[in-house]
Amino acid sequence: MRIYFCGSIRGGRQDVIIYQKIVQTLKKYGEVLTEHVSDSNLSDTGEDAVQDGEKFIHDRDVEWLMMSDVIIAEVTQPSLGVGYELGRARNMNKKILCLFRPSSGKSLSAMVRGAIDGSLFQVRDYKEEEVEGILDEYFRV
Ligand SMILES: O=c1[nH]c(=O)n([C@H]2C[C@H](O)[C@@H](COP(=O)(O)O)O2)cc1CO
């Protein structure tokens, strides 16, 4: 199974420890195409700029989205890139799980929470300590 993990990069890296926990759990269930998102050495400037770097990142990530079987997105820290990925993935009719922590005091965008459809697009509110259990449950059904 190919898994695409989405998390904030230029939107802010404050949740990177949680991203690591999620990616470690996801690795039990398949290949995580975007493991770099959980790398604590990656700052909010993003991946190293190479020539045509932005286009390279965009095109590679859209291709990975197309290749993936499931998208897992941690959406607590708002990120334009994650929102874009979710919109593209939704249009590709991919299976999507968004994870949000209400304890952050933030309010999730209606364009994400309102996209739930009872099957392919799911949003789950969670507490940090619940994340492994939620993922285990999601992948076992
Ligand atoms: O360097 C990068 N590498 C990369 O793969 N992304 C993708 C993966 C993340 O799920 C998402 C983060 O978007 P943003 O940087 O707008 O927070 O975009 C984003 C960047 C920087 O925008």
Side-chain angles (χ1 to χ4, degrees), residues 1-117 119-141:
M1 159 136 34
R2 289 182 181 136
I3 305 170
Y4 190 107
F5 172 69
C6 309
S8 170
I9 298 179
R10 292 190 185 161
R13 297 293 284 160
Q14 39 275 74
D15 286 345
V16 69
I17 301 295
I18 296 171
Y19 302 163
Q20 280 166 9
K21 218 168 161 180
I22 293 172
V23 167
Q24 286 318 307
T25 307
L26 293 177
K27 282 168 132 185
K28 292 198 287 186
Y29 298 102
E31 180 192 0
V32 181
L33 301 175
T34 54
E35 191 172 357
H36 64 282
V37 174
S38 69
D39 183 348
S40 52
N41 294 316
L42 182 62
S43 75
D44 64 6
T45 55
E47 292 172 70
D48 282 346
V50 289
Q51 206 190 355
D52 214 15
E54 310 286 294
K55 184 153 182 56
F56 172 82
I57 291 168
H58 171 272
D59 293 356
R60 177 202 63 195
D61 285 2
V62 171
E63 201 174 312
W64 278 344
L65 273 176
M66 287 193 279
M67 287 166 56
S68 62
D69 301 298
V70 61
I71 320 297
I72 306 294
E74 214 297 345
V75 293
T76 309
Q77 180 60 36
S79 152
L80 282 173
V82 172
Y84 176 84
E85 288 166 337
L86 290 172
R88 293 292 302 255
R90 177 68 195 83
N91 243 19
M92 295 174 197
N93 286 316
K94 297 285 180 181
K95 203 169 172 240
I96 299 168
L97 174 65
C98 297
L99 298 168
F100 178 75
R101 299 189 323 283
S103 62
S104 63
K106 297 182 169 102
S107 189
L108 181 58
S109 169
M111 297 306 286
V112 175
R113 197 179 288 285
I116 57 171
D117 59 7
S119 62
L120 282 181
F121 198 112
Q122 295 184 31
V123 175
R124 182 79 190 254
D125 290 326
Y126 77 104
K127 296 193 192 94
E128 189 174 341
E129 62 272 20
E130 294 171 339
V131 74
E132 284 106 339
I134 287 170
L135 291 170
D136 286 340
E137 187 190 309
Y138 184 76
F139 281 94
R140 278 190 192 133
V141 291

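Atoms within each ligand, like the ligands themselves, are counted from 1 in listed order.
Near D61, with a cut-off below 4.0 Å to any heavy atom, the atoms of ligand 1 are 4 (C), 5 (O), 6 (N), 7 (C), 8 (C). The ligand atoms of ligand 1 that sit less than 4.0 angstrom from a heavy atom of G46 are 1 (O). Taking every heavy atom of H36 and a limit of under 4.0 angstrom, the matching atoms of ligand 1 come to 3 (N), 4 (C), 5 (O). Heavy-atom contacts of G11 reach the following atoms of ligand 1: 17 (O) (cutoff under 4.0 Å).
Looking at atom 12 (C) of ligand 1, its nearest protein heavy atom turns out to be G7 O, 3.3 Å. The protein non-hydrogen atom at the shortest distance from atom 14 (P) of ligand 1 is S79 OG, 3.3 Å. Protein heavy atom closest to atom 15 (O) of ligand 1, with residue, atom name and distance, is R10 N, 2.7 Å. Closest protein heavy atom to atom 16 (O) of ligand 1: G81 N, 2.9 Å. The shortest contact between atom 8 (C) of ligand 1 and any protein heavy atom is with E85 OE2, 3.1 Å.
Note: no N/O pair closer than 3.5 Å links C6 and ligand 1 by distance alone. Residue contacts with ligand 1: I9 is placed with a nitrogen or oxygen under 3.5 Å of a nitrogen or oxygen of the ligand (distance criterion only). No N or O atom of V37 sits closer than 3.5 Å to an N or O atom of ligand 1. Residue contacts with ligand 1: E47 is placed with a nitrogen or oxygen under 3.5 Å of a nitrogen or oxygen of the ligand (distance criterion only).
A cation-pi geometry, defined here as NZ or CZ lying under 6.0 Å from the six-membered ring centre and within 45° of its normal, does not hold between K106 and F100.
For T34, the closest heavy-atom approach to ligand 1 does not fall below 4.0 Å. Ligand 1 lies within reach of R60, whose nearest heavy atom is under 4.0 Å from it.
Looking only at distances, no side-chain donor or acceptor of R101 sits under 3.5 Å from a matching main-chain atom of K127. Put simply, the side chain of Y19 gets close to the backbone of S8: a donor and an acceptor are under 3.5 Å apart.
One distance of note links SG of C98 with CG of L86; it measures 4.5 Å at 0.5 Å rounding. How far CD of Q77 is from CD of Q14: 3.5 Å, rounded to the nearest 0.5 Å.
In this pair, H58 and Y84 present their aromatic rings tilted. The plane angle is within the 30 to 60° band.
Q122 and Y138 are not linked by any side-chain donor-acceptor pair at a separation below 3.5 angstrom, with hydrogens and angles left out of the test.
Of all heavy-atom pairs spanning K94 and I71, the tightest one is CB-CG1, 4.0 Å.
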